[in-house]
There are 2 protein chains.
Amino acid sequence: MTRVLVVDDEPQMLRALQINLEARRYTVATALDGDRALDEAAETPPDAVILDLGLPGLDGTEVIRALRIRSAVPVIVLSGRSGAADKVIALDAGADDYVTKPFSMNELLARLRAVLRRPASDEPIGGSAVIGDHTVDLAGCTVRPVPIRLTPTEWRILTVLVQHPGRLVTGRQLLLDVWGPGHERKTNYLRVYLAGLRRKLERDPAHPRHLLTEPGMGYRFEP
Amino acid sequence: MTRVLVVDDEPQMLRALQINLEARRYTVATALDGDRALDEAAETPPDAVILDLGLPGLDGTEVIRALRIRSAVPVIVLSGRSGAADKVIALDAGADDYVTKPFSMNELLARLRAVLRRPASDEPIGGSAVIGDHTVDLAGCTVRPVPIRLTPTEWRILTVLVQHPGRLVTGRQLLLDVWGPGHERKTNYLRVYLAGLRRKLERDPAHPRHLLTEPGMGYRFEP
DNA sequence: TCGAACCTTGACGGTTCCTTGACGCGGCGC
DNA sequence: GCGCCGCGTCAAGGAACCGTCAAGGTTCGA
């Protein structure tokens, strides 16, 4: 099911969008301001974001920039201002489309379909990392030069670690990112999967040089 | 240099766009009607297309569909009609954005930057791929040296896979690209059609070497 | 009207992956 | 030395996923 995150400070507008989107079989998440929108997007990444620019607190363009740091999710901006300058600012901040209020629901839905049609819209911005003799490409989910198969969970863990190169990632954070809320205590998962990743990628799995354990803290990817 | 193809039947508008785009260091190609636009796009594939809907001869939406058969190039539609219905038709035909005349040049340029920013926008659909004893030509929808019939759905799936050679394509993405929004859960479609493609193209369908499955992740075309 | 090609849908068996528990090892404090 | 705790390893059961097949439904043209 396609997830759409709708951000608007007016409950009426929020509700109207939610009803229309759910009628088209989209899964809808809502947020009333920018901070909660970023929390929600971090929790369960949406496939698209519909964002009202006129938010209290965090500015709409800042929300776009914050989203862009971690993902390439398409963003459609709603705004009451039709001036060209506003559109330029929002689009250059990273928005994918700009719709002026009042708008037709059909037009918004068509624009939503247009941005969702793009390839790789749900894939996180990934880089690549060198581990042992292997180069892993997060975007393409490939390992070169020797093809090695990783399971979906292994890819997710590796993605989180590689996106914070050299920095400690707590077990809690890892469990939250990969398994979601409610699994923060299952540290044995991490032991099992980190062992698997080392066995597949590290030159000497017993003495890892890139996928390191910080006892009592968490794990760290060392480039 | 980024190539932009501008299609408009009014020479004045064409010239205005060309001057503004070239001032921003874009390379500009122009066409006065849909047929010549398609010829030009086939000759030297552009990185983006700016298309006036009100063309003589070939309808604008048909131009979009024709472009979409062969490439994923971003298309920005210009139109004098601001009705929501027209926008829906154009966007669903495959347009990426819709700008109503009269428009601000800065807004158009911002939208152009927005569509060019997305990844892989310049990758053509064309080309061919070797699978088993067969060479499939995506542009001509033919298989050599032995002609093999593929159904429309099979062509669409194969196109998506071959466009990302060596990279993983999630089942979600495939379903979204081929069947559109609302079908993301019907993974059995993929099982049926991938089996069909392997039976027709792979040397040993039971042990595919080019149309690979990544369990839990998706599928991958391995050249 | 009929038939052919294509698309959908469901069911079944085999494979892969996730989860879970048990065990061993090493460090640390007592 | 002894027990505790965190971590690495391993194996088994169950769940989820995939390949395959066949039947029903739809569309399109003869």
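The figures here come from the full heavy-atom set of this structure, side chains too, leaving out hydrogens, waters and symmetry mates. Chain identifiers are assigned alphabetically (A, B, ...) following the order of the sequence lines, protein sequences preceding nucleic acid strands; residue numbering begins at 1 within each chain.
As rounded to whole Å, 11 Å separates atom C1' of dT19(C) from atom NE2 of His183(A). Leu150(A) has its CG atom 16 Å from the P atom of dT16(C), to the nearest Å. Across the protein-nucleic acid pair, Arg198(B) atom CZ and dG19(D) atom C1' stand 8 Å apart, rounded to whole Å. dT16(C) atom P lies 19 Å from atom CH2 of Trp155(A), rounded to whole Å. When the P atom of dG8(D) is taken as reference, atom CD of Glu202(A) falls 12 Å away, rounded to whole Å. In this structure, the CG atom of Asn188(A) is 18 Å from the P atom of dG24(C), given to the nearest Å. Rounded to whole Å, atom C1' of dA5(C) lies 10 Å from atom NZ of Lys200(B). Between Leu175(B) atom CG and dT9(C) atom P the separation is 12 Å, expressed in whole Å.
Checked for salt-bridge contact, Arg209(B) and Asp204(B) miss the test: no charged N lies under 4.0 Å from a carboxylate O. The residues Arg156(A) and Glu154(A) are annotated as not salt-bridged, no charged nitrogen and carboxylate oxygen being separated by less than 4.0 angstrom. Ion pairing between a basic and an acidic side chain is recognised when a charged N comes within 4.0 Å of a carboxylate O; Arg36(B) and Asp39(B) show no such pairing. The residues Arg111(A) and Asp97(B) are annotated as salt-bridged, a charged nitrogen and a carboxylate oxygen being separated by less than 4.0 angstrom.
Note: Trp179(A) and Tyr193(A) meet the aromatic proximity criterion, with ring centroids under 6.0 Å apart.
The side chain of Lys186(A) places no N or O atom within less than 4.0 Å of a non-bridging phosphate oxygen (OP1 or OP2) of dT19(C). Regarding contacts with the backbone of dC7(C), a side-chain N or O of Thr151(B) is found under 4.0 angstrom from either OP1 or OP2. Under 4.0 angstrom from either OP1 or OP2 of dC18(C) there lies no side-chain N or O belonging to Trp179(A).
Thr213(A) comes within 4.0 angstrom of sugar-phosphate atoms only, judged by non-hydrogen atoms across all strands, and of no base. Across all strands shown, Arg149(B) has heavy atoms under 4.0 Å from sugar-phosphate atoms exclusively, and none from any base. Residue contacts shown for Thr187(A) are absent, as no nucleic acid heavy atom lies under 4.0 Å away.
Ranking dC7(C), dT20(C), dT9(C) by closeness to the Tyr189(B) side chain, first place goes to dT9(C). Residue Val192(B) has its side chain nearest to dT8(C) when only dT8(C), dC7(C), dT9(D) are considered. Ranking dC18(C), dC6(C), dT9(C) by closeness to the Pro152(B) side chain, first place goes to dC6(C). Side chain of Arg191(A), nearest nucleotide from dG8(D), dT19(C), dG19(D): dG8(D). Residue Tyr193(B) places its side chain closer to dC7(C) than to any other of dG8(D), dT20(D), dC7(C).
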